[in-house]
Amino acid sequence: MIRALFGAVAIAGAALAAGPAAGADDLSYPDKPGRYDNDVPGMNYEAHLAAPCTNMERFTFGRGPGGEVLQCRWIENQWPPVYTGFWVASYELYGVQEIGAPCPKPQAAAQHPDGRPMLCLGAQGWQPGFFTREGFFPR
């Protein structure tokens, strides 16, 4: 009798414990990475903030686990020297754009059809390059 009771409690406990684990994949992040309207060709959906990356020249954009836009960039003056880039936070992404086309607002990012990153420079429109605290670096 006691064995049957312990067995029933063990089975019920296992069923209750397995329930939340089965749905854990859906609760990991409120926003699953995937296709967004402003995504660009070559987008990396496995990016993580501050993780190393190697695509620093073309097709530099990615999305983090929560859907945030990241860009693969070289970080200067690292010690000890590191020969990869790192995923860093990026401006809001506006898809694929042409050089000189009007842009919606300053501090916005886009990608040229050939994969180069672009930045909105106000009246100059979209220009290939990136911005750091030292200034704008055309590509």
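No hydrogens, no waters, no symmetry mates; every other heavy atom, side chains included, goes into these values. Note that the coordinates shown come from a computational prediction; the quantities given were computed from them, not determined experimentally.
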Undergrad: Which heavy-atom pair separates Gln97 from Ala110 by the least distance, and what is that distance?
TA: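 Of all heavy-atom pairs spanning Gln97 and Ala110, the closest is CG-CB, 3.5 Å.
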
Undergrad: Determine which pairs satisfy salt bridge (charged side-chain N to carboxylate O under 4.0 Å, His left out) with at least one residue from residues 117-130, sequence neighbours left out, and list them in order.
TA: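 As it turns out, there is no salt bridge (charged side-chain N to carboxylate O under 4.0 Å, His left out) pair with a partner in residues 117-130 once direct neighbours are skipped.
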
Undergrad: Of all the heavy-atom pairs spanning Ile75 and Val88, show the shortest one and how long it is.
TA: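 Looks like CD1-CG1, 4.3 Å.
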
Undergrad: Quick one: list whatever passes side chain to side chain donor-acceptor pair (under 3.5 Å) with Glu92, sequence neighbours left out.
TA: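 Tyr94, Lys105.
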
Undergrad: For Pro106, give me all partners under side-chain contact (heavy atoms from CB on, under 4.5 Å), at least two apart in sequence or on another chain.
TA: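 Counting only residues at least two positions away or on another chain, Pro106 forms no side-chain contact (heavy atoms from CB on, under 4.5 Å).
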
Undergrad: Heavy atoms only: give me the nearest Val96-Pro41 pair and the separation to one decimal.
TA: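 Where Val96 meets Pro41 most closely, the heavy atoms are CG2-CD, 3.4 Å.
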
Undergrad: Kindly give the heavy-atom pair with the smallest separation between Asn55 and Phe59, and that separation in Å.
TA: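 Nearest pair, atom of Asn55 first, then Phe59: ND2-O, 2.6 Å.
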
Undergrad: List the residues meeting side-chain contact (heavy atoms from CB on, under 4.5 Å) with Glu46, not counting sequence neighbours, and say none if there are none.
TA: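 side-chain contact (heavy atoms from CB on, under 4.5 Å) list for Glu46, sorted by chain: Asn44.
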
Undergrad: Which pairs count as disulfide bond (SG atoms under 2.5 Å apart) when at least one residue sits in residues 87-126, sequence neighbours excluded?
TA: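 Sorted pair list: Cys103-Cys120.
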
Undergrad: For Gln71, what residues pass the side chain to side chain donor-acceptor pair (under 3.5 Å) criterion, not counting sequence neighbours?
TA: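 Checked Gln71 against side chain to side chain donor-acceptor pair (under 3.5 Å); matches are Thr60, Arg73.
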
Undergrad: Mind checking what makes side-chain contact (heavy atoms from CB on, under 4.5 Å) contact with Ala51, not counting sequence neighbours?
TA: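 Counting only residues at least two positions away or on another chain, Ala51 forms a side-chain contact (heavy atoms from CB on, under 4.5 Å) with His48, Trp87.
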
Undergrad: Identify the heavy atoms of Ala108 and Leu119 that sit nearest to each other, and give their distance.
TA: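 In this case the closest contact between Ala108 and Leu119 is O-CD1, 3.4 Å.
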
Undergrad: My understanding is that only residues two or more places apart in sequence, or in another chain, count here; which of them pass side chain to side chain donor-acceptor pair (under 3.5 Å) with Asp114?
TA: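 Asp114 satisfies side chain to side chain donor-acceptor pair (under 3.5 Å) with Arg58, His112, Arg116 only.
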
Undergrad: For Val69, enumerate each residue passing the side-chain contact (heavy atoms from CB on, under 4.5 Å) test, keeping only those at least two apart in sequence or located in another chain.
TA: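 Phe61, Arg63, Ser90, Leu93.
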
Undergrad: If I take atom CD from residue Glu57 and atom CH2 from residue Trp74, how far apart are they, to the nearest 0.5 angstrom?
TA: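 If I round to the nearest 0.5 Å, the distance is 11.5 Å.
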
Undergrad: Indicate the atoms forming the closest heavy-atom contact of Trp126 with Glu98, along with that distance.
TA: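 Distance-wise, the nearest heavy atoms are CB-O, 3.6 Å.
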
